[in-house]
Amino acid sequence: MGREVSESCIDSLLTEMVSSYCNHFYANKPELAARRIEAIGYQVGHQLSERYTMERPRFSDHLEAIKFICKDFWSELFKKQIDNLKTNHRGTFVLQDNRFRWLARMSLDPTADDAVPQDPSDFAESKAAQAMSMYLYFPCGIIRGALSNLGIPCAVSADISNLPACSFVVRIKA
Amino acid sequence: MAPAGPRSGDAIFASVERVNAELFTLTYGAIVRQLLTDLEEVDEVNKQLDQMGYNIGIRLVDEFLAKSNVSRCVDFKETAEVIAKVGFKMFLGVGASVTNWDAEGTCCSIVLEDNPLVDFVELPDTCQGLYYCNVLSGVIRGALEMVSMKTEVTWLRDVLRGDDVFELQVKLIKQVPEEYPYKDDE
């Protein structure tokens with residue numbers, strides 16, 4: 001078992017990072033704040049996947065690399081695997097975590113349909129929904145960074161239409 | 001007699017939800033790196049990290065009080081010991097020690113030998129003025145302010161700057177009397 005810190009450390013750091021970028025640096029430019037938060041995630045994902053693949057042979061195809069993200073990588077980060085993986089076999093993969101840990105403690109009124117954006121890039125009016133979608137740029141960045149370190153350039157977005165489940169949609173660039 | 005005694009930092013750390021420290025360490029590193037890119041000035045980054053820590057501290061103190069079961073500290077000396085032995089341990093999983101008290105008992109050093117924030121970290125020459133762990137000083141300042149103590153927290157030693165340990169000086173500026181939300185005659 002590697003070193004651990006209390007979950008509150010990472011939770012408060014992420015909350016503070018999102019709030020600094022959204023409310024302080026780029027209060028009126030959510031797309032810029034989003035880009036920075038994604039970039040921080042990218043950096044983290046890139047470094048973590050470098051560390052977790054050191055002892056492994058090279059992945060032979062995209063599916064193998066995605067499976068590594070769903071199993072080993074996710075387990076290191078969240079102590080559980082991705083619950084469901086779907087693909088259209090044309091470069092799009094949907095990774096669903098039925099109870100995504102970083103959203104588990106966020107509150108959002110589930111009865112207000114319009115408060116939940118389908119994609120972090122759709123900014124809903126609701127502040128809570130906006131904060132949540134901002135928050136999701138971080139794990140999206142982590143996944144993109146991890147895959148990019150494995151030689152797979154892609155775009156990653158999040159879908160939270162079935163909270164507390166969260167689906168990450170990975171579109172591999174041809 | 002005090003009610004159920006305070007819990008040790010080890011016992012609390014064992015009972016809280018924990019996560020992979022690498023994720024925390026690398027996330028913090030990536031934030032510092034992004035701030036350096038965005039703010040350009042090292043001094044501005046120091047300020048921002050301190051501010052983020054302060055904001056974290058004012059929230060974290062609630063969790064600390066709820067889980068640690070510590071009773072009111074009799075003096076600043078006891079407060080410092082509790083931060084070092086219980087606070088650091090329950091959040092970061094490492095203990096710290098308190099030394100270098102001044103005669104008045106209002107200024108001391110918290111010494112940290114092991115610090116998960118700096119695993120894998122080396123500062124490039126361009127960042128020599130950076131207080132990489134400034135978030136920690138902010139957390140202490142913020143948390144203490146919530147329990148009515150105004151403090152000044154400064155780094156005296158920093159492993160990233162070539163010292164053998166991390167040493168944070170915590171100086172009590174004033175104890176703010178507690179204000180109750182309602183006055184009797186209102």
Side-chain angles (χ1 to χ4, degrees), chain A residues 1-21 23-26 29 32-52 54 72-80 101-102 104-105 135 137-139 141-142 145-146 149, chain B residues 9 12-35 37-39 44-45 47-64 66-67 87-94 114-117 119-120 135-136 138-139 142-143:
Chain A
M1 181 53 99
R3 181 165 180 148
E4 293 188 312
V5 296
S6 129
E7 190 176 31
S8 318
C9 292
I10 188 87
D11 284 352
S12 26
L13 190 60
L14 294 184
T15 307
E16 203 43 47
M17 179 258 296
V18 170
S19 122
S20 296
Y21 274 96
N23 307 327
H24 186 59
F25 299 141
Y26 299 108
K29 294 179 184 144
L32 287 184
R35 208 180 296 165
R36 298 299 185 278
I37 294 165
E38 207 269 351
I40 293 170
Y42 178 90
Q43 175 80 31
V44 173
H46 201 273
Q47 286 177 304
L48 284 174
S49 94
E50 178 81 34
R51 297 184 65 76
Y52 298 151
M54 271 191 290
D72 308 63
F73 190 80
W74 216 252
S75 303
E76 290 279 359
L77 265 51
F78 303 110
K79 296 181 179 168
K80 72 183 282 287
R101 203 155 174 156
W102 288 343
R105 303 233 175 87
Y135 213 69
Y137 280 103
F138 183 69
I142 290 187
N149 182 55
Chain B
I12 308 167
F13 188 65
S15 69
V16 295
E17 287 286 338
R18 294 180 305 277
V19 294
N20 176 338
E22 267 177 6
L23 170 66
F24 172 65
T25 306
L26 292 176
T27 300
Y28 184 69
I31 293 172
V32 175
R33 192 166 156 153
Q34 187 66 44
L35 289 174
T37 310
D38 295 337
L39 301 177
E44 287 301 311
V45 176
K47 261 187 236 163
Q48 182 60 30
L49 291 174
D50 178 73
Q51 182 63 44
M52 291 171 79
Y54 177 85
N55 297 342
I56 292 173
I58 61 181
R59 289 193 307 263
L60 224 49
V61 72
D62 286 330
E63 186 183 340
F64 172 78
K67 290 185 177 159
F88 272 89
K89 187 78 203 187
M90 79 178 260
F91 290 112
L92 293 177
V94 294
D114 185 15
N115 177 357
L117 273 185
D119 289 345
F120 333 113
V135 74
L136 293 182
V139 169

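To find a chain, count down the sequence lines: A is the first, B the second, and so on, and within it residues start at 1.
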With chain A, which of [options] has the greatest number of heavy-atom pairs at distances under 4.5 Å?
| options | answer |
| --- | --- |
| Val16(B), Asn55(B), Thr37(B) | Asn55(B) |
| Phe24(B), Phe120(B), Tyr28(B) | Phe24(B) |
| Leu60(B), Thr27(B), Val135(B) | Thr27(B) |

Report summary line: Honestly, the part of Tyr21(A) sitting under 4.5 Å from a heavy atom of chain B is side chain
Query raised in the report: Which answer fits Leu14(A), side chain, backbone, both or neither, if we ask what part of it has an atom under 4.5 Å from a heavy atom of chain B?
Result: side chain
Report summary line: In terms of heavy-atom pairs under 4.5 Å with chain B, the winner among Arg36(A), Gln47(A), Arg101(A) is Arg36(A)
Query raised in the report: Using a cut-off of under 4.5 Å for heavy-atom pairs, which of Ile37(A), Val5(A), Val44(A), Thr15(A) has the most such pairs with chain B?
Result: Val5(A)
Report task. Using side-chain contact (heavy atoms from CB on, under 4.5 Å) as the criterion, point out the one residue from Val19(B), Thr25(B), Asn20(B) that pairs with Glu22(B). Result -> Asn20(B)
Non-hydrogen atoms of chain A under 4.5 Å away: do they reach the side chain of [X], the backbone, both or neither?
| X | answer |
| --- | --- |
| Val94(B) | side chain |
| Leu39(B) | side chain |
| Glu63(B) | side chain |

Query raised in the report: Do the rings of Phe138(A) and Trp102(A) sit parallel, tilted or perpendicular, given the 30° and 60° boundaries?
Result: tilted
Query - Salt bridge flag under 4.0 Å for residues Lys79(A) and Glu4(A) - result: yes
Query raised in the report: Quick one: CG on Leu136(B) to CG on Leu117(B), what's the gap to the nearest 0.5 Å?
Result: 5.0 Å
Query raised in the report: If you measure from CD on Gln51(B) to CD on Glu44(B), what distance do you get to the nearest 0.5 Å?
Result: 12.0 Å
**Report entry** With sequence neighbours excluded, residues passing salt bridge (Lys or Arg N to Asp or Glu O under 4.0 Å) with Glu76(A)
**Finding:** none
Query raised in the report: Considering residues at least two apart in sequence or located in another chain, which fulfil the side chain to side chain donor-acceptor pair (under 3.5 Å) criterion with Gln34(B)?
Result: Asp38(B)
